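All residue numbers refer to positions in the sequence shown, counting from 1. Predicted model, so just to flag it, every value in this text is computed and none were measured.
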Amino acid sequence: MIFKERFNFILFSIALFGVVLSVVIQEYNSSLISFSHESRYGLIYTADEPSYIQPARNWLDQGVWKDNTEGNSSFFQRPPGYGLLYALCEWIFGKNAYLGLKTIQISAYFFSILLMGQLLRSLLRKNDLALIGTGFFALLPIFHGFMYYPLTEGITPFLVLLFCCRILNKREEFDLTLLLITSFLLLVRPQLIVLPVLFFIYSLLKKRKFQAAALILSAIPFLIWSLRTVAIEGEWKGLHPIYSNTNVTIFRPSHEKLTELFKVWEYDGERFHSVVGGLKRATSTTEFDQVLDNVPAEFRALVKPVLMEYKSLLDHPMYGRSNEFKKLEEKFIVNTENRRLEIIQKFRFQHHVVTPIRSAIYLLTKSQMNLYVFQAKWRGNWVIEFLRVISILVINLGILSALIHTFKRKFDFLSLLGLSFLMYFFYLIYFQRMNEERYLTPWLPVLFLLGVVQIKQTCSWISSRRNNFNKC
């Protein structure tokens, strides 16, 4: 018998239905987008893709891990995890590498549904409730939004769920699977390091020495990757090392400093990118003023000289190459930092409170229904709008549940998940500020899990209170 339990059979059926439904939606969405070419098997191209895929191609062809841009960050702009996955696909499938990648990401979603069912079963201890929750998970489109994108978001939700399942394994033996999963997770999305770090501390406190050992050893591959970055650049560039003064791309120290300035008031990453792109294209005073209109009125006069100076850098004929340019850039960096500090001095409350709150609201009001078919083709349809509202409610319920689990009396697995997310969320809204909604994608299954468990616990609490009241 393949299915020894009724639960497993129903769970498998839900997962199969969920993945078929997701593939139908994704295929239709892909057919509407002109740049999902046949040779890509429906996978959708984005501007970020080359920085993930090209290093793997160059490694297979030339033995060097770097993308095709000029500058040091071409060697380490993206962590190697996703590129290694693509390299494996190209090694096995050759010219059909995208078919292999597509198959892996569809499979990852299928197994995500199965993992969600097992996690809910373990935490709820009621099979029927676990199946209902899993069915809801399989129906909501926010959990497979990036399945047809060659980006880390296509696999990170699955990796996070897999990590959660292995963490719940309390057997007193060394968990090689946990070590491998966590190592790969950190090589795919280093920003998720908060998960293994907190669970490592918790494992030490609970004296789970084998689990703690697996978690600490899992950092070795990323540490080796970071040492490679230091060897190339001469310093550690953080978890997202896109900037270098050797780059001939937009990602130079001047762009980094302009980003820091805009973080004083800006919370929408797309708007900032449109400002930089607009400056590059602007050929007249009128076009420059249109770009400046993206800056709030109260900051416009203070920021205008900075943007004019940055525009002159972008238009420099030896951009990123000559010593003259680099001296002008150094002057720009000093001037911009002085202006940033001046603006913060005048708008402290805006910088420390208002902008982080706006960044949080921006993320909390996004439905994560990112597909073109939801954003354009079917927009306005009552079913889609209903799903959009439900999705926002699910995400916000998950975040509220993260708060409740973090500050409850008994600190446990769910508390650590909640605290991990809250620390990551705080990083996004206070330090990163200018975000894209996909930055929450790896955490969506965790938020769903926390929300479902909290609903069950709340219902149980209400029921017990009612029974106690009736006894009185």
Side-chain angles (χ1 to χ4, degrees), residues 35-37 39-108 146-156 158-159 162 179-193 217-252 320 442:
F35 43 82
S36 59
H37 195 268
S39 64
R40 298 172 58 84
Y41 295 93
L43 295 187
I44 299 167
Y45 179 84
T46 67
D48 286 341
E49 180 186 322
S51 60
Y52 287 106
I53 303 299
Q54 198 58 50
R57 287 175 172 163
N58 290 338
W59 182 55
L60 291 172
D61 294 340
Q62 306 164 23
V64 180
W65 190 279
K66 72 180 294 293
D67 62 36
N68 290 339
T69 60
E70 188 176 342
N72 281 354
S73 67
S74 63
F75 290 91
F76 49 74
Q77 182 175 347
R78 302 291 184 184
Y82 195 81
L84 288 172
L85 185 65
Y86 175 83
L88 177 66
C89 291
E90 188 163 306
W91 181 62
I92 295 174
F93 297 96
K95 294 181 179 179
N96 298 318
Y98 279 113
L99 177 61
L101 198 60
K102 179 178 180 179
T103 303
I104 288 173
Q105 295 193 174
I106 291 173
S107 300
F146 287 91
M147 195 167 77
Y148 274 35
Y149 285 81
L151 298 171
T152 60
E153 287 80 6
I155 59 171
T156 45
F158 166 69
L159 293 175
L162 202 54
L179 186 153
L180 295 175
I181 290 166
T182 311
S183 295
F184 187 59
L185 178 66
L186 293 178
L187 288 177
V188 171
R189 197 71 177 172
Q191 291 83 351
L192 297 174
I193 194 171
L217 290 174
S218 69
I220 291 176
F222 181 69
L223 178 62
I224 293 171
W225 173 259
S226 298
L227 289 174
R228 175 181 180 268
T229 301
V230 172
I232 294 170
E233 184 67 7
E235 61 178 317
W236 190 58
K237 304 295 289 185
L239 296 177
H240 191 40
I242 62 173
Y243 294 108
S244 172
N245 60 10
T246 64
N247 289 352
V248 188
T249 65
I250 195 72
F251 297 116
R252 289 190 54 82

Checklist entry - Only one of Thr246, Ile242, Asn245 forms a side-chain contact (heavy atoms from CB on, under 4.5 Å) with Arg252, so which one is it? => result Asn245
Next on the checklist: Counting C-beta onward and ignoring hydrogens, is there a side-chain heavy-atom pair between Phe184 and Leu162 closer than 4.5 Å?
Outcome noted: no
Checklist outcome for this item: Between Leu151 and Gln105 the two heavy atoms that sit nearest each other are O-OE1, 3.9 Å
Checklist outcome for this item: The side-chain contact (heavy atoms from CB on, under 4.5 Å) partner of Lys237 among Val230, Thr229, Asn72 is Thr229
Item to check | For Ile44 against Glu49, the heavy-atom pair lying closest together | outcome: O-OE1, 4.0 Å
Checklist entry - Less than 4.5 Å apart, any side-chain heavy atom of Leu239 and any of Phe222? => result yes
Next on the checklist: Is there a side-chain contact (heavy atoms from CB on, under 4.5 Å) between Tyr86 and Glu90? Walk through the geometry before answering.
Outcome noted: CA-CA 6 Å; Tyr86 175 83; Glu90 188 163 306; 2.8 Å; yes
Item to check | Check: Arg228 side chain, Phe75 main-chain N or O, donor-acceptor pair, under 3.5 Å | outcome: yes
Next on the checklist: Return the CD1 to CG distance between Ile181 and Leu159, rounded to the nearest 0.5 Å.
Outcome noted: 8.0 Å
Item to check | Check: Thr46/Asp48 side-chain N/O donor and acceptor closer than 3.5 Å | outcome: no
Item to check | Distance-minimising heavy-atom pair for Ser244 and Ser73 | outcome: CB-N, 4.1 Å
Next on the checklist: Please report the interatomic distance NE2(His240) to CZ(Arg78), rounded to the nearest 0.5 Å.
Outcome noted: 5.0 Å
Checklist outcome for this item: Taking every heavy atom of Tyr148 against every heavy atom of Gly42, the minimum-distance pair comes out as CD2-O, 3.7 Å
Checklist entry - How close do Cys89 and Gly100 get, heavy atom to heavy atom, and via which atoms? => result SG-C, 3.6 Å
Checklist entry - Is there side-chain contact between Thr249 and Glu70, with heavy atoms separated by less than 4.5 Å? => result no
Next on the checklist: Evaluate Leu84 against Trp65 for side-chain contact (heavy atoms from CB on, under 4.5 Å), listing each step before the verdict.
Outcome noted: CA-CA 10 Å; Leu84 288 172; Trp65 190 279; 3.8 Å; yes
Checklist entry - Roughly how far, to the nearest 0.5 Å, is the CD1 atom of Ile104 from the CG atom of Leu99? => result 10.0 Å
Item to check | Derivation of the side-chain contact (heavy atoms from CB on, under 4.5 Å) call for Thr152 and Phe146 | outcome: CA-CA 9 Å; Thr152 60; Phe146 287 91; over 6 Å; no
Checklist entry - Is Leu101 close to Phe93 at the side-chain level, that is, under 4.5 Å between some pair of heavy atoms? => result no
Checklist entry - Counting only heavy atoms not in Trp225, do more than 12 fall under 6.0 Å of its CH2? => result yes
Checklist entry - Do Asn247 and Thr69 pass the side-chain contact (heavy atoms from CB on, under 4.5 Å) test, and can you show the C-alpha distance, the side-chain angles, and the key distance before you say yes or no? => result CA-CA 8 Å; Asn247 289 352; Thr69 60; over 6 Å; no
Item to check | Side-chain donor/acceptor of Ser218 to backbone N/O of Leu179, under 3.5 Å | outcome: no
Item to check | Nearest-0.5 Å distance, OH of residue Tyr52 to OH of residue Tyr149 | outcome: 14.0 Å
Next on the checklist: Under a 3.5 Å cutoff, is there a donor and acceptor pairing between the side chains of Tyr82 and Arg189?
Outcome noted: no
Checklist entry - How long is the span from the CD1 atom in Ile53 to the CG atom in Leu43, to the nearest 0.5 Å? => result 9.0 Å
Next on the checklist: Using 0.5 Å steps for rounding, measure from the OG atom of Ser107 to the NZ atom of Lys102.
Outcome noted: 12.0 Å
Item to check | Minimal non-hydrogen separation, Pro55 against Pro50, with atom names | outcome: CD-O, 3.4 Å
